[in-house]
Amino acid sequence: MGETAAAETGTSETRPRLMVLDGHSMAFRAFYALPAENFATDTGQHTNAVYGFTAMLLTMIRQQAPTHVAVAFDLSGPTFRSAEYAEYKAGRSETPAEFAGQIELTVKVMEALGIPTLTVEDYEADDIVATLSARAEAAGWDAVVVSGDRDAFQLISEHTTVLYPKKGVSDIPPMDADAVMAKYGVSPAQYPDLAALVGESADNLPGVPGVGPGFAAKWINAYGGLEGVLENADSITGKKGEALRAHLEDVRRNRRLNALVRDLDLPVDLEAMALTMPDHDTVSELFDALQFNRIRDRVFEVFSERLGADAPAAEVEEAPEHVVATTAADLGGFLAAHAGALLGVHVVVDGPDMLPKRKVPVPGTHGTPVGVAFAADDAALYVDLDAEGPDAELMAAVRDALEDAGTAKAVHDLKRTVKALAAPTRPAGLGEGAVIGGVEDDVLLSAYLIQPDRRDVDLASLAEAHLRTPLAAPATGQPASAQGELDLDGGAAAAERVQRATDAVRAAWVVRRLSAEFTPQVLERGAQRLLQEMEIPLARLLARMELAGIAVDRDHLEALRADFAERADAAKESAWASVAEETGGMEVNLGSPKQLQEVLFERLNMPRTRKTKTGFSTDVDSLQDLLEQTQHPFLENLMAHRDVTKLRQTVEGLLETVAPDGRIHTTYSQTAAATGRLSSLHPNLQNIPVRTEAGRRIREAFTAGEVDGTEAVLLSADYSQIEMRIMAHLSEDAGLIEAFNMGEDLHSFVGSQVFGVDPHEVSAEQRSKVKAMSYGLAYGLSSFGLSKQLKISVDEARGLMKGYFDRFGGVRDYLRDVVAQARQDGFTSTIEGRRRYLPDLNSDNRQLRDMAERAALNAPIQGSAADIIKRAMLDVQAGLEEQRLRSRLLLQVHDELILEVPRGELAAATALLEERMGRAADLSVPLDVHVGEGRTWHAAAH
DNA sequence: GAACTCACGTA
DNA sequence: CGTACGTGAGTTCG
C-alpha cells in the first residue's frame, strides 16, 4: 500500500472563533482601493475608507463566520518601537487630506455595530491583534487575524489563520502555514527572521543590502533560524555574506522590532467580543449621517445570518482517511475492495486560466487533470497525475478505472471532467485520453433537474446548501520543512500536493454524499430518465462540441472590425455636429445614457420618454418615437452609432476568443436556463447577429475548417416554428393542428382565420400582426403589450386577440389550464417531464405572481423545444457514429444545429439530420426540419 | 473595486 | 404591462 496521509482531525464548529482586525492597516487599504472623490457626505467629509472597511468587515463576517469580533487601532503618539529606534516608520509620506477623520468614523461604525475597538498606548494595533489571537488560542478558540501588515504572519498556527489582502480589500485570501511556506519558503514562526534580514521599507527598517527573500529563506533553513544565521555569519561567503556581517546590528534590531507583543495587559474579556445584533436605530442614525444607504440592509442581513437561530452553523464532517496510490496495485486493491459500490470521483482540473484583466478563459484552453480522487463510504484513494516520473502502469490503471463502465461513479460537472481528460494538455500517461464510463450521477446536473432555477451549482455551494458542510478541507497544517529539507521549492510543492490530495478526496466524498441526497429526489420527480438518458449523455456530447470549436476567418473579422470602427466614428462625428449648437461642441459620450438624457431632454428639450429607474429611457423604441416627433438628425446619427458600435463590440469580442487553432471554442452551460435550454458563453455564440445585413456579415466569418485533413462544409439544420408546433401539440387545438397539416404558410393561414379572408388574401400587415400575436401568446403577452409592439390601440389589440381566441379556442383553454395546473402542482412540465417549480404563482405580490404566470405559460413550450433538440442532438450523434461518419456537431442555437461535414458526407449527413431531427419527438403535428449547406454559417443558413 | 443599470444581440 | 439567456459600457456606491 502507499503512504497513509495524516488526515487532520477536523475542528468542530462548536469552537468559538475570534476574528480580530488591524483597523488602521485595513482602513488604509480601503482608502486606496476606492476613489475618495466618489465617497463624501454633503458636509464634505470623505467616507471611502469607512465604507470600504465596513463592506470588507461584513464580507469577512459572512465568509469566516466568527462568533467573536474585535478591531484594534493604532494611537498617533510614540510607541516602544519608536522609542528604541527613532527612525521607526519615519519617512512615510504624509497621510492624504481625504483620509482625515475616517479612522474616527470607522470607530463610530464599530461602536454602532457593537464591535469592541481597542487601543493601547505605546503599542501598535498589531500587538493588540497578537495578544488577542494568543489569548484565543490559549482558551482553545480559533482565531482569524485580518491585517494588511505582513508581520502578522508570525501569528499563524494550527488554530490561527491570517487574512492578508492581495489587492484592495476585496481579494483577501487566507494564509495558513502552507501558504506562507509556499510564498516565502519559511514557516510562519520564521517569517520575522526573514523579514529582519530582508528589511521592511514601510517601517523604515533597512535589511541586509542585496539580500532578498530567496537568500534569506535559504540561510534560515540552512542554519535553523535567524540565531543560527547570525552565529554563522562568518562562514557565509561572497558579497552577501560580507553585507550580512556589516549589518548584524540592523538585523538584530529589526528582529526585536518586528516581534509582535503577545502579552499586552488588556483589560478586556474575550467574551465581550461576542457578536450581537446591532441596534437598528443606532445603526440607522449613524448611517444616515454618513449617507450610507445600500450597505445598511446588508448589515442586518449578515448579522441575522450569523446569529439567526434557524441557521445552525455548518459542521465540518470528516471525509474518510485516504491513501495515496503509488502503484497500480494500490488502485486495484481499492477498487476490488469496493466493487459494486457507488464511488464519488473527483478529477482535479487545473485551470483554464483567465485572460488577464478579463473574465474570459485563455482561448483554446480546457483545463488540465492533475489528480483523481475516489471516495467510497469509509475509504478513499488519491492518485497524483502530476507527479514527476509517473508510473506508467499506475496511469494505465487510472485510465482503466475511469473508463470501466462496471465501476459506478458519481461526479460533479462531467463535461468539464471529460474535456480536461481529453484536452491536449492531459498527462502523457493517459494516452489518447481517458473517457469516463459508468457515470450514474453528475450532481451538477441532478441539482439542476431538481431545481432548475438555482443560481449556484458549484460543488462548494451544493455542499454548503445540502450537506451543511464546507467543501474546503481543513488545512493539513504540517510544515513542509518537517524533514529539514533544504530544497525549498520541493518542500512547498510537496505541501501543496498533500493539500491538493486532501481537498480532492474531500470533494469526491462530498460528491458521493450529494449523490445519495439527490438520487431519491430525482426519482421522486421522475427525472431519472432525463438525467441518465438525456443530460449525462449530452454533457459528453457538449464536451466534444466545445473541444471541436468552429473555424473562423480571422482576416474577415479584422476587416469587419476596421469597417465598423470607421463607420462608428463617422456616425459619432455626425451626431456631435448635429447638436454642436445646443451643446456648445461638447463631445457627448454616445454610450452614456446619462449624457444622452442631458442632451435629449435638457439641451434639445425633447418630450420625455418612458421612465427608467435612473431617469428616462433612451432605448431604440424611445429614440424611434422621438424621431417621428422631432425629425431631429441627431437621433438618426445616434441610432446608426448604436447599431454599428454593437456590431463592432461583437466582432472585437469574437476576435479576443479565437484560439491558436484558428477556431472559437464556446462553453455551453447546461444548468443556466430554468426552462431546460442551454446557454453559451465565452463567447456567447447563441446571439450572433442575423437580422440585419451588416450583422449577417459577421456570420460569414464562421467557416468550415478541415475534418481529418479534408475540406469540409458547414451544415445548418433548424426546426421551423418549433414553439408554435409545440403549442399546437400541447393545446390540441384542432385549428392550429390543421394549420400545420395544411402545409400552408402558418401565419397566413392563422391570419385568414382571424380576419375571415382567404389565406392568399391575407395582407403582409395582417400576417405580421398575427405572427407577433402567435409568438407573443407563448410569452404571456397582454393586449397592452401587443398594442405597444404593433403600435395599435389597446382596443384594436384586444380585438385581435379575441378574433384569435374565437378561432383557436383550444389555445386559450390550454393557456388558462396550464397556469391553473401549475398553481395547483407548484410546477410546470415539459413533454419529457422536465419540471420548473414556480412558488411565486401563489405570491401575494401581484408583480411576482404575474411574472410567475408568464413563466408558467412559457416554460412548457420553451422547455419542450429544448427537450426535443437535446434528444435530436443525441440521436444525430448516435447516427454519425453508427454510420462511421466523420462529420461533427459544432454548435447548437436553441432550434438550430451546426455541423462540420466533409464534402463526401454531405448527402449522408443531410439525410441523417432530416431523419433524426424529424423524429426527435412524437407530436400531433409534424416536425419540419430545414437543412442548408455552405462554406460559411451565413451561407449554410440560407 | 464590485455591483448595479441600461441597452441589445439571439431563439 | 412578453419568455429565456450573456455581454459590454457606463455609473454608482456615498
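Here is how names work: the chains are called A, B, and so on, in the same order as the sequence lines, proteins then strands, and each is numbered from 1. Just so you know, these numbers use all the heavy atoms, side chains as well, and skip hydrogens, waters and symmetry mates. Predicted model only: the values in this text are computed from it and were never measured.
- Looking at heavy-atom distances under 4.0 Å, A:Thr614 makes contact with sugar-phosphate atoms alone, never a base.
- Note on A:Thr675: every side-chain N or O is 4.0 Å or more away from OP1 and OP2 of C:dC5.
- Nucleic acid contact class of A:Ala674 (heavy atoms, under 4.0 Å, all strands): sugar-phosphate only.
- For C:dG6, the OP1/OP2 oxygens have a side-chain nitrogen or oxygen of A:Ser679 closer than 4.0 Å.
- Atom CD1 of residue A:Ile722 and atom CE of residue A:Met917 lie 7.5 Å apart, to the nearest 0.5 angstrom.
- Across all strands, A:Gly591 comes closer than 4.0 Å only to sugar-phosphate atoms, never to a base (heavy-atom distances).
- Put simply, the side chain of A:Thr650 gets close to the backbone of A:Lys646: a donor and an acceptor are under 3.5 Å apart.
- For C:dA4, the OP1/OP2 oxygens have a side-chain nitrogen or oxygen of A:Arg836 closer than 4.0 Å.
- Atom CG of A:Asn684 is separated from atom P of B:dA7 by 20 Å (rounded to the nearest Å).
- Checking the phosphate oxygens (OP1, OP2) of C:dT7, no side-chain nitrogen or oxygen of A:Asn687 falls inside 4.0 Å.
- Counting any heavy atom pair closer than 4.0 Å across all strands shown, A:Ala40 reaches a base atom.
- Taken from NE2 in A:His894 to CG in A:Asn687, the straight-line distance is 8.5 Å, to the nearest 0.5 Å.
- The residue A:Lys646 sits close to a base: some heavy atom pair falls under 4.0 Å.
- At a threshold of 4.0 angstrom between heavy atoms, the contacts of A:Ser617 are confined to the sugar-phosphate backbone, with no base atom among them.
- Heavy atoms of A:Ile295 sit under 4.0 angstrom from primed sugar atoms or phosphate atoms, though from no base atom.
- For A:Glu285, the CD atom counts as loosely surrounded, since its 6.0 Å shell holds 12 or fewer non-hydrogen atoms of other residues, nucleotides or ligands.
- Nucleic acid contact for A:Phe292: sugar-phosphate only, since backbone atoms but no base atoms lie under 4.0 Å from a heavy atom of the residue.
- Looking at A:Arg642, its side chain has no donor and acceptor atom pair within 3.5 Å of the base of B:dA7.
- Note on A:Asp619: only backbone sugar-phosphate atoms sit closer than 4.0 angstrom, heavy atoms only; bases stay farther off.
- For A:Gln789 against C:dG2, a side-chain N or O and a base N or O form a donor-acceptor pair under 3.5 Å.
- In this structure, A:Gln847 reaches neither bases nor backbone, as no heavy-atom distance under 4.0 Å exists between it and the strands shown.
- In this structure, A:Val50 reaches neither bases nor backbone, as no heavy-atom distance under 4.0 Å exists between it and the strands shown.
- A:His682 comes within 4.0 angstrom of the backbone, heavy atoms only, and of no base.
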